[in-house]
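A short write-up of the structure that comes next.
Please read all numbers here as calculations on a predicted model, not as lab measurements.
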Amino acid sequence: MRRDALPASPLKEKLIRQIAAEGPMTVAAYMAACLADPQHGYYTTAAEPFGAKGDFITAPEVSQMFGELIGAFVLSAWEAMGAPQTVRLVETGPGRGTLMADLLRMASLRPAFLRAASLHLVEISPRLKARQAEALANAPLTPNWHDSLREVPDGPVILIANEFFDALPIHQYMRTPEGWRERMVGLSEAGDLAFGTGPGRLPLAAIPQTARNALLGAILETSPLSAAIAQEAAARITAHGGTALFIDYGYLRSAPGDTLQALRRHAYQDVLAEPGLADLTAHVDFEVLAAAARRGGATVASPLTQGEFLLRMGLLERAGQLGAGKDAATQERIRGEVERLAAPGEMGELFKVLCVAQPGLVPAPFDSEALPPHAGANSGEA
């Protein structure tokens, strides 16, 4: 192994040693190590990934209005479910707890909901659990933490997953003359991390129609874990009642494209440069999530863009309430938050909102059940 300089991150040194001893790893294994390695993973060790001082800003950090409108959806969905006397309010990947704190402030307007609800946060990071505990110290519901969704007690559920699926590991396949070969992370001649291809192949049945004529070198991404979690959530909702919101950046139809990206200090960088020190994400395939939810027996509403969803939930009206009687600087800040959350050139178009609900239920502001995926759609199970 020859290197001109030591790796910039401790995890990089560890991965280089591992690959040298065991051989190349899949992109999914690399991504999982970067984010969740017990000693050096991004979410287990990063001092503060969220917010202006971190590496990225999520919608709840942009404005309190985002979480409040999610709270309005939760109340509406609970009523549409028949206002069950027991309901599990669940958030997967709660970050700093900002979304849930804002959500519960809105939910406090309906005391009957608070009497029915118990709060469950699915989080594996001890550091983030501590931040969530701080954010929710004065909340009307006491949080219960779980390592996975299956640990949440049975019963009707309202599940919120905001920017959760984008951090789940993906597999990548490259179009070669021999077919779609799995992309791997190995070592270059200089001993640094480098991409290559391995022997694994993607079956023809798992290739979406949009990729059948892809050029050589094209990349196709799958996330079996995302599909499994979406199906598990849908099966629970089908069995016990409930609804779920999946909010993330991504695309509505399965298609080729290399969307794996690394973000550090609000700037993109090479995904192999500093493992463990940068956030790794990939765009979410909402067609795959919808298909998985249908396999779980749930109703899947036609997805909305984040902008459409927030505007239908009353974003402009809430902004007007917050800005009424305030000084010009405050009103301008609120207008900027609305633009960031809902404008097509900002989060409004890139982010999508998928609603999964118990059979026969399509909560407002969603209109109708989504059309089935087109023939040959990527199942996400390859």
Legend entry - Same cluster (ILVMFWY, side-chain, under 4.5 Å), Ile158 and Met313: yes

Legend entry - Reported OG1-to-CD distance for the pair Thr98 and Gln132, which is rounded to 0.5 angstrom: 9.5 Å

Legend entry - Side chain to side chain, Leu289 and Asp248, heavy atoms closer than 4.5 Å: no

Legend entry - Asn144 side chain to Leu119 backbone, donor-acceptor under 3.5 Å: yes

Inset, instruction - Might you confirm whether atom CG of Asp327 has over 12 heavy atoms from other residues, nucleotides or ligands at distances under 6.0 Å? - result: yes

Legend entry - Electrostatic pair Glu178:Arg201 at N-O distance under 4.0 angstrom: no

Inset, instruction - Check whether Phe73 and Met81 end up in the same hydrophobic cluster, where Ile, Leu, Val, Met, Phe, Trp and Tyr are linked by side-chain heavy atoms less than 4.5 Å apart. - result: yes

Inset, instruction - Measure the spacing between NE2 of His240 and CZ of Arg88 and express it to the nearest 0.5 Å. - result: 10.0 Å

Inset, instruction - With the side chain counted from C-beta on, respond yes when Pro94 and Leu128 share a heavy-atom pair under 4.5 Å apart, and no when they do not. - result: no

Legend entry - Heavy-atom side-chain proximity of His40 to Lys12 below 4.5 angstrom: no

Inset, instruction - Give a yes or no on this: more than 12 heavy atoms of other residues, nucleotides or ligands lie within 6.0 Å of atom CG of Leu215. - result: no

Legend entry - Gap between atom CG of Leu121 and atom NE2 of His146 - 0.5 Å precision: 8.0 Å

Legend entry - Shared hydrophobic cluster, Leu225 / Met184 (ILVMFWY, side-chain heavy atoms < 4.5 Å): no

Sequence neighbours excluded and cut-off under 3.5 Å, please list the side-chain donor-acceptor pairs for residues 331-338, or say none.
from, atom 1, to, atom 2, distance (Å)
Gln331, NE2, Gly323, O, 3.0
Gln331, NE2, Lys326, O, 3.3
Glu332, OE1, Arg335, NE, 3.2
Glu332, OE1, Arg335, NH2, 2.8
Arg333, NH1, Glu337, OE2, 2.6
Glu337, OE1, Ser63, OG, 3.0

Inset, instruction - Enter the distance from Thr92:OG1 to Glu123:CD here, rounded to the nearest 0.5 Å. - result: 9.5 Å

Inset, instruction - Any chance you could lay out the side-chain contact (heavy atoms from CB on, under 4.5 Å) test for Leu280 and Tyr42, step after step, and finish with the verdict? - result: CA-CA 9 Å; Leu280 287 188; Tyr42 180 77; over 6 Å; no

Legend entry - Between CG on residue Leu103 and CZ on residue Arg105, distance to nearest 0.5 Å: 10.0 Å

Legend entry - Thr259 side chain to Tyr251 side chain, donor-acceptor N/O pair below 3.5 angstrom: no

Legend entry - Asn162 side chain reached by Phe66 side chain, heavy atoms, under 4.5 Å: yes

Legend entry - Gln18, Glu13, Arg17 screened by side chain to side chain contact (heavy atoms under 4.5 Å, CB included) with Leu15, the one that passes: Gln18

Legend entry - Spacing of CE belonging to Met25 relative to CD1 belonging to Ile19, to within rounding of 0.5 Å: 4.5 Å

Legend entry - Met65 and Leu310, any side-chain heavy atoms less than 4.5 Å apart: no

Inset, instruction - Verify the neighbour count for atom CD1 of Ile124: are there more than 12 heavy atoms of other residues, nucleotides or ligands below 6.0 Å? - result: no

Inset, instruction - Check whether any side-chain heavy atom of Ile70 sits under 4.5 Å from a side-chain heavy atom of Phe309, and report yes or no. - result: yes

Legend entry - Hydrophobic cluster membership, Ile219 vs Val185, 4.5 Å side-chain cutoff: no

Inset, instruction - Evaluate the side-chain proximity of Pro365 to Glu308: yes if any heavy-atom separation is below 4.5 Å, no if none is. - result: no

Inset, instruction - Decide whether Trp145 and Ile160 are clustered together by the hydrophobic rule: side chain heavy atoms of Ile, Leu, Val, Met, Phe, Trp, Tyr closer than 4.5 Å, transitively. - result: yes

Legend entry - Member of Glu182, Arg181, Glu221 meeting the side chain to side chain donor-acceptor pair (under 3.5 Å) criterion with Gln172: Glu221

Legend entry - For Ala59 against Gln306, the heavy-atom pair lying closest together: CB-NE2, 4.3 Å

Legend entry - Student check: side-chain heavy atoms of Pro275 and Leu193 closer than 4.5 Å: yes

Inset, instruction - Return yes when atom CG of Asn213 has more than 12 non-hydrogen atoms of other residues, nucleotides or ligands closer than 6.0 Å, and no otherwise. - result: no

